[in-house]
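The first residue in the sequence is number 1, and the count goes up from there. Keep in mind that this is a model prediction, so the values were computed, not measured.
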Amino acid sequence: MPSANYTPWNRPFRASLGALPADLMQPITERYTAPAMPSDLMDKWDRTFEAPDPSKLLENPVVQARLALGRDAAEKSAMAQGTLYTGGFAKGLNEFGQQVATEEYDDIYNRARSEFLDAFGTFSGDRSRRQGVWNDQDRQGLNAFNTNTGLTLADRGQRAGIYGQQWDRDWTNYMGDYGVFKENQTIPFGMAT
């Protein structure tokens, strides 16, 4: 075998697109940062319901007016009937006073309770509304981040696919050239591949 006619294969493989673009292998370093949550969204309802003090019932002008009007009407009626200074009149006046006190205290209590529940509803509703606004802002920010990250990854995937397909074509051509070279080197020596 004359070695002077043999030429070794010395052509290195080179992809036509060059090296794989470095950014295709870089991790995504951006991180999503949620908008700052208003600190007062975590505040607790710190009020407690306190029933109105029954001992202050007589200070209420409505109670005073009802008692005065009822007593005047009862006294005039009892005077007309001549029963003003009887035990029955005193008992009836006492029962009337208790009835007025009970009715008025119930009204005052219910009004205070309603005001307390309204205040709690306002507090809760406002907090829920503001929580919803923050949730919407967070969701929009996260969706935008995910969209941008998805676009970055899709772009990298597309470019990697293009690079890979071209690399495969380049490699196929390179191996084809090598095969032809190898055949050309072995045929003169009567050697089969």
Side-chain angles (χ1 to χ4, degrees), residues 22-161:
D23 71 312
L24 295 183
M25 302 306 291
Q26 296 299 317
I28 302 281
T29 57
E30 296 83 16
R31 297 291 178 252
Y32 174 68
T33 303
M37 179 185 286
S39 61
D40 63 339
L41 285 183
M42 302 310 284
D43 288 353
K44 295 179 181 176
W45 173 255
D46 59 357
R47 290 177 50 189
T48 55
F49 176 69
E50 293 183 23
D53 184 358
S55 67
K56 297 189 179 191
L57 190 61
L58 286 177
E59 296 173 10
N60 187 308
V62 173
V63 173
Q64 292 172 0
R66 269 190 77 184
L67 287 175
L69 290 171
R71 187 177 44 247
D72 285 349
E75 285 175 353
K76 287 178 183 173
S77 174
M79 254 199 288
Q81 296 172 1
T83 59
L84 182 61
Y85 297 110
T86 64
F89 174 76
K91 181 179 176 187
L93 199 54
N94 186 34
E95 287 172 357
F96 170 74
Q98 289 177 357
Q99 178 186 357
V100 168
T102 301
E103 288 172 1
E104 288 302 323
Y105 184 77
D106 283 349
D107 288 347
I108 291 169
Y109 178 90
N110 290 336
R111 192 167 33 257
R113 184 82 178 156
S114 178
E115 288 171 1
F116 175 80
L117 292 175
D118 286 349
F120 177 72
T122 300
F123 173 83
S124 298
D126 180 59
R127 184 169 59 183
S128 293
R129 180 192 57 76
R130 290 182 297 114
Q131 177 74 47
V133 168
W134 182 83
N135 287 345
D136 288 345
Q137 291 170 347
D138 182 50
R139 190 175 310 108
Q140 289 170 0
L142 184 58
N143 287 343
F145 174 80
N146 287 338
T147 298
N148 290 336
T149 302
L151 290 172
T152 298
L153 293 174
D155 173 63
R156 287 182 184 183
Q158 181 182 22
R159 290 187 296 126

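Taken from CG in L117 to CZ in R113, the straight-line distance is 5.0 Å, to the nearest 0.5 Å. The structure places OG1 of T29 at 7.0 Å from CZ of R31, a figure rounded to the nearest 0.5 Å. One distance of note links CE of M42 with CZ of R127; it measures 8.0 Å at 0.5 Å rounding. Separating the CG atom in N146 from the CG atom in L153 is a distance of 10.5 Å, to the nearest 0.5 Å. Expressed to the nearest 0.5 Å, how far CH2 of W134 lies from CG of D136 amounts to 11.0 Å. Here the CG atom belonging to L41 is positioned 9.5 Å from the CZ atom belonging to R129, to the nearest 0.5 angstrom.
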Would you list the atom pairs, donor with acceptor, under 3.5 Å between side chains in residues 49-61 and any protein atom, with sequence neighbours excluded?
from : atom 1 : to  : atom 2 : distance (Å)
D53  : OD1    : S55 : N      : 3.0
D53  : OD1    : S55 : OG     : 2.8
D53  : OD2    : S55 : OG     : 2.9
N60  : OD1    : V62 : N      : 2.8

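With a 4.5 Å cut-off on side-chain heavy atoms, I108 and R111 count as touching. Put simply, the side chain of N148 does not reach to within 4.5 Å of the side chain of E30, judged on heavy atoms. Annotation: side chain of Q131 is in contact with side chain of M37 (closest heavy-atom distance under 4.5 Å).
Between the side chains of E95 and Q99, no donor-acceptor pair of N or O atoms lies under 3.5 Å.
Among residues two or more places apart in sequence or in another chain, the ring pair (Phe, Tyr, Trp, His ring centres under 6.0 Å) test is passed with F123 by W45.
Checking side-chain atoms of T102 against main-chain N and O of Q98 turns up a donor-acceptor pair under 3.5 Å. For D155 (side chain) and L151 (main-chain N/O), no donor-acceptor pair under 3.5 Å exists by modelled atom type.
Listed here is the closest heavy atom pair of D138 and Y32: OD1-OH, 2.7 Å.
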Verdict with reasoning, D23 to R159, per side-chain contact (heavy atoms from CB on, under 4.5 Å): CA-CA 10 Å; D23 71 312; R159 290 187 296 126; 2.5 Å; yes
